[in-house]
Amino acid sequence: MSSETRPPVGLTVAAGLGLLFLHLPILLIFLYAFTTEERTYQFPPPGLTTKWFAVAWAREDIWPPLYLSLKVAAISTALALVLGTLAAAAMSRARFFGREQLSLLILLPIALPGIITGMSLRSAFDVMGMPFSTWTIVLGHATFCIVIVFNNAVARFRRLSGSIVEASADLGANGFQTFWHVILPNLASALLAGGMLAFALSFDEVIVTTFTAGQQSTLPIWMLNELVRPRQRPVTNVVAIVVFATTFVPILLAYYLTRGGDDTAGAGK
Amino acid sequence: MNAAPPEPVAVTLPARGPGDRLSGLFWRHPKLLLGLLLAPPLLWLGVVYLGSLAALLLQSFYYIDEFSGVVVPEFTLKTYAELFRAQNLDIILRTVLMAAAVTLGCAVIGFPVAYFAARYAKGAWKAAFYLGVLLPLWSSYLVKVYAWKLILAKEGIITWAAEGTGTSAILNAVLSLPGIGGNSLSTSYIGTWVVFVYVWLPYMILPMQAALERVPVSLLEASADLGATRAQTFRTVILPLALPGVIAGSIFTFSLTLGDYIIPQIVGTSARFIGLAVYQFQGTAGNIPLAAAFAVVPIVIMLVYLTIAKRQGAFDVL
Amino acid sequence: MTAAVEFRNVSRHFGPVRAVDGVDLSIAEGSFFAMLGPSGSGKTTCLRLISGFESPTGGEIRIFGENSGSVPPNRRNVNTVFQDYALFPHMNVRDNVAYGLMVKGVDRVRRHARAEELLALVKLDGYGERKPGQLSGGQRQRVALARALVNEPRVLLLDEPLGALDLKLREAMQDELKALQQRLRITFVFVTHDQGEALSMADQVAVFSEGRVAQVGTPAEVYGRPRTRFVADFVGSSNVLPPEMTQRLGGPARWSSLRPEAMRLIPPEGAALSGQVTALRYLGAGTRVVVRTGGAEIGVLVPAGTAVPEPGASVGLGFDRAALHLMDEA
């Protein structure tokens, strides 16, 4: 008997359909951004126009949420980069008591449903009488972004030959010189990838945010409101494309920064 | 390089500044450095995250005064007792059933993709498959949900396609199914289910693929050599070995469905799910204790689920 | 004269595991010292104790008379050639070699000039711009060597540096390392599990077994007069004989060793010791003939050009009485 090397036709078709299922819906958003129909989701669109991009640009209620989303994503990513890298460095150094528990603690904010993280923070703010602000949103976002940076950094630390750190010390470098000249250059692309994924995740996050934002509006919350109570549907489509692009580009970059290794970014969202 | 013996350099070099002295301190006390590395992330996660979870538990043991609508910070099991009222039990049951159906859907649709990617895709195709799953995983959640609102709308692409192909009768028959049908796909349980499956599918494919990639080809060949048909090999060799991956993936699909409140709000009937209940109780109703108690339900369900999954060896492929 | 490196009753225990257990050693300045032993025998841990990547749990290590107990690795004037070379993947070869000078604050022009000198020393002139990934195994090994020499260490530690090279290259590098050491007169401490490598390069060999030093001596001493069965067995392919066998060969009732090359095959008639050939192994320069006699198997090296008996043939064993080496302990 020969081993099977060619895939069965049924499997190929099923796999192809599965991939199409994953991608076609997203493409549809692009089409709808150009429709002339304003009130319904009519398909096929009765006509095509580019005017909605101009309309969206002129809408003043879009800019503050966009600005807030970018600000939150930037601060959360910066915090996650520091905290995630520190945790990964500690993990790579030694086996210590509570190591397993720590990795579980880091994983928990994305392993448990977002609504739990959100509701927990909401409860805590309520208990402490803390008013909602940019920082309440950041508290939530940084918490679930840590694991993204951590995963990327820990994989790179594992691949990094432990002896190059020793070689550096052996040649006379102190810990700070070793970090600056040897660890950081080898870690940089993994951190960049982790940072971009964290940024994309934060920029797009809506579930935790609705619990920590109060009356503030991030771009995803703005979009959610438009979905529940639509005003100008094609404008929402344009914003959807912007959100999609803002998350898509960093993901693609992160993939290319880390591909080829066993630590390709993003496998563990 | 001269051939003479090296001029006598000191054996121990002097410390040059604070960097050297601090490094020396860390070298003599490795635990100190470890502690300094661990302290910031531990403090953050310990205070912000675990602290919040504690606050959640605390709130769930408070209750709301029915007349004034004010939260009374006194210990009570009254709020938890409310979960057992018929309408709230309905919400929990509905959510768990949906999560199970979504998990099953993801496993069935995702398996061919994962199996093909793990076994037959090579080189550039493999990368394309990987990226083909990764990009939908990471692209905007809200945009993905929104796309389905467009697709499932009564005037949307599905209705159009059904009319164009003369299959409207089938679509109408599906929509008239009792319990899960509805006025249109976007206002039926079927619609909610489809969107859930779509959004969580990559979370199922990736761990399944990881598990299947660990099945050595030689094992499959051995099975074929022993005279097994493809169907037998699949059932007796591939499926059992892929099971940990399916369970790992199901942890995500199950947990994510339990906690989601956006999808049922946008696509589906107006019936509530756990997530929506939490959201509404803490928001418009201002009943934080009941919202907190509701949020504890998915935690308990997931703890039970994880305990079972751990016994099946699902964590090895995470 | 103070020893370059001195171990005084040094132990390194990892929990219940005694990686190094009460080692006393003295490594003379300017010598080529080999630490030989199977994996897990504690030789690499001893090397890491000298470089400072491990700290002793007992005893003390003196480097040129100074207790190194509180000196971190970066302040020890001791450098290492790592087993996997540990070249910095993001730096080119010149920056790799110049690294030790860079962290000392030597300016770019001077450290690059020095790096080029060292690359010339290891015969890698013109390779400065390349990245480690573009080099062959042998070339990486030379870069690692040049990098470790840039700080002019008083002691150079080499951790199985030739282990990853193929046979031909390994032999060439053995000669080069030996020549380099004689030229630089730096103390080389060399860890290996390959007894041929240790015997051919070192002035002194320490044989490690289970965290302890089984024997220290010149290659000739360790090879010709093993102190224990372990040393006799591990260094070379000696016949280890139990007391009763030693007695039959005319010695006292003690364990002994007998080198295969010290024995010869003679006609069985009238021989004091005879037996049957059970196995042959062709070695190129000769053939190892295994003879079963009196319940023991004894190897005999028959030089090339001499007639080799068929398996099963009866042969007599002749040997030089002086070659029978009695061991101190079992």
Side-chain angles (χ1 to χ4, degrees), chain A residues 1 3 7 11-12 14-15 18-19 22-23 25-26 28-29 32 40-44 83 86-87 89-90 93-94 96 105-106 109 112-116 119-124 126-127 139 143 146 174-176 200 204 206-207 220 223-224 227-228 240 243-244 247-248 251 255 266-267 269, chain B residues 19-20 23 26 34 37-38 40-41 44-45 48-49 51-53 55-56 58-59 109 112-113 115-116 120 131-132 134-143 146-151 153 155-157 160 201 206 221 224-225 255-256 258-259 261-262 266 275 278 282 288 291-292 295 298-299:
Chain A
M1 287 197 73
S3 64
L11 178 68
T12 313
L19 278 189
L22 280 173
H23 289 268
I26 298 173
L28 213 60
I29 291 276
Y32 269 96
T40 69
Y41 298 123
Q42 188 191 346
F43 188 92
L83 298 172
L86 285 175
R93 282 186 61 82
F96 51 87
L105 179 62
I106 292 170
L112 286 176
I115 198 153
I116 292 172
M119 189 59 218
S120 298
L121 288 164
R122 171 87 171 81
S123 305
D126 187 70
V127 167
L139 277 177
T143 302
I146 291 175
N174 64 39
F176 301 92
D204 176 46
V206 63
I207 293 193
M223 248 186 91
L224 182 62
L227 290 187
V228 179
V243 172
F244 180 77
T247 53
F248 186 83
I251 294 153
Y255 174 79
K269 180 174 176 176
Chain B
D20 269 15
S23 296
F26 291 148
L34 188 66
L37 288 174
L38 277 177
W44 182 283
L45 289 167
V48 176
Y49 193 65
S52 299
L53 279 176
L56 177 79
L58 189 70
Q59 289 269 13
I109 298 175
V113 180
Y115 188 53
F116 192 95
Y120 297 107
L131 214 52
L134 213 58
L135 287 176
L137 170 72
W138 280 93
S139 50
S140 170
Y141 161 81
L142 216 47
V143 172
Y146 182 46
W148 279 94
K149 191 171 170 94
L150 303 177
I151 294 168
E155 69 276 17
I157 189 167
W160 172 81
L201 185 57
L206 288 174
E221 285 170 354
D225 279 342
S255 145
L256 290 164
L258 281 185
Y261 79 94
I262 306 260
I266 291 174
V278 173
Q282 64 87 34
I288 291 184
I299 300 183

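Quick caveat, the model's predicted, so the values are computed rather than measured. The chains referred to below are lettered A, B, ... by the order of the sequence lines, with proteins before strands, and numbering in each begins at 1.
- Both the backbone and the side chain of B:Leu150 come within contact range of chain A, judged by heavy atoms closer than 4.5 Å.
- Between the CG atom in A:Leu19 and the CZ atom in B:Phe116 there is a gap of 9.5 Å [rounded to 0.5 Å].
- With chain B as partner, the option from A:Gly18, A:Ala240, A:Pro25 having the largest number of non-hydrogen pairs under 4.5 angstrom is A:Pro25.
- Residue contact with chain A, scored on non-hydrogen atoms closer than 4.5 Å, involves the backbone and the side chain of B:Gln282 alike.
- Of the possible polar contacts, one joining the A:Asp204 side chain to the B:Tyr141 backbone as a donor-acceptor pair under 3.5 Å is found.
- Side-chain contact between A:Leu22 and B:Leu135 is absent, with no heavy atoms from C-beta onward closer than 4.5 Å.
- Considering only heavy-atom pairs separated by less than 4.5 Å from chain A, the leading option among B:Pro136, B:Gly51, B:Ala292 is B:Pro136.
- For B:Leu201, the part lying near chain A is the side chain, with the backbone staying farther off; criterion is any non-hydrogen pair under 4.5 Å.
- In terms of heavy-atom pairs under 4.5 angstrom with chain B, the leader among A:Thr247, A:Ile26, A:Thr143 is A:Thr143.
- Using the six-membered ring where Trp is involved, A:Phe176 and B:Phe26 have ring planes that are tilted, between 30° and 60° apart.
- Among the candidates B:Leu58, B:Leu256, B:Leu53, the residue making the largest number of heavy-atom pairs closer than 4.5 Å to chain A is B:Leu53.
- Of the atoms belonging to B:Ile157, heavy atoms from both backbone and side chain fall under 4.5 Å from chain A.
- The two residues A:Val206 and A:Pro220 make their nearest non-hydrogen contact at CB-CB, 3.9 Å.
- For the set A:Leu28, A:Val127, A:Leu227, the count of heavy-atom pairs under 4.5 angstrom toward chain B peaks at A:Leu227.
- Counting heavy-atom pairs under 4.5 Å between each of B:Leu258, B:Leu45, B:Ile151 and chain A puts B:Leu45 at the top.
- Only the side chain of B:Ala153 comes within contact range of chain A, with at least one heavy atom under 4.5 Å from a heavy atom of that chain.
- Counting heavy-atom pairs closer than 4.5 Å to chain A, the top residue among B:Gly275, B:Ser52, B:Ala55 is B:Ser52.
- With rounding to the nearest 0.5 angstrom, the CD1 atom of B:Ile288 is 5.5 Å from the CE atom of A:Met119.
- Considering only heavy atoms from C-beta on, A:Leu121 comes within 4.5 Å of B:Val48 through its side chain.
- Of all the listed residues (B:Ile109, B:Leu131, B:Ile266), the one sharing the greatest number of non-hydrogen pairs under 4.5 Å with chain A is B:Leu131.
- Counting heavy atoms from C-beta outward, B:Tyr146 and A:Leu224 have side chains that stay 4.5 Å or more apart.
- Residues satisfying the side chain to side chain contact (heavy atoms under 4.5 Å, CB included) test with B:Asp20, not counting sequence neighbours, are A:Asn174, B:Ala15, B:Arg16, C:Asn74, C:Arg75.
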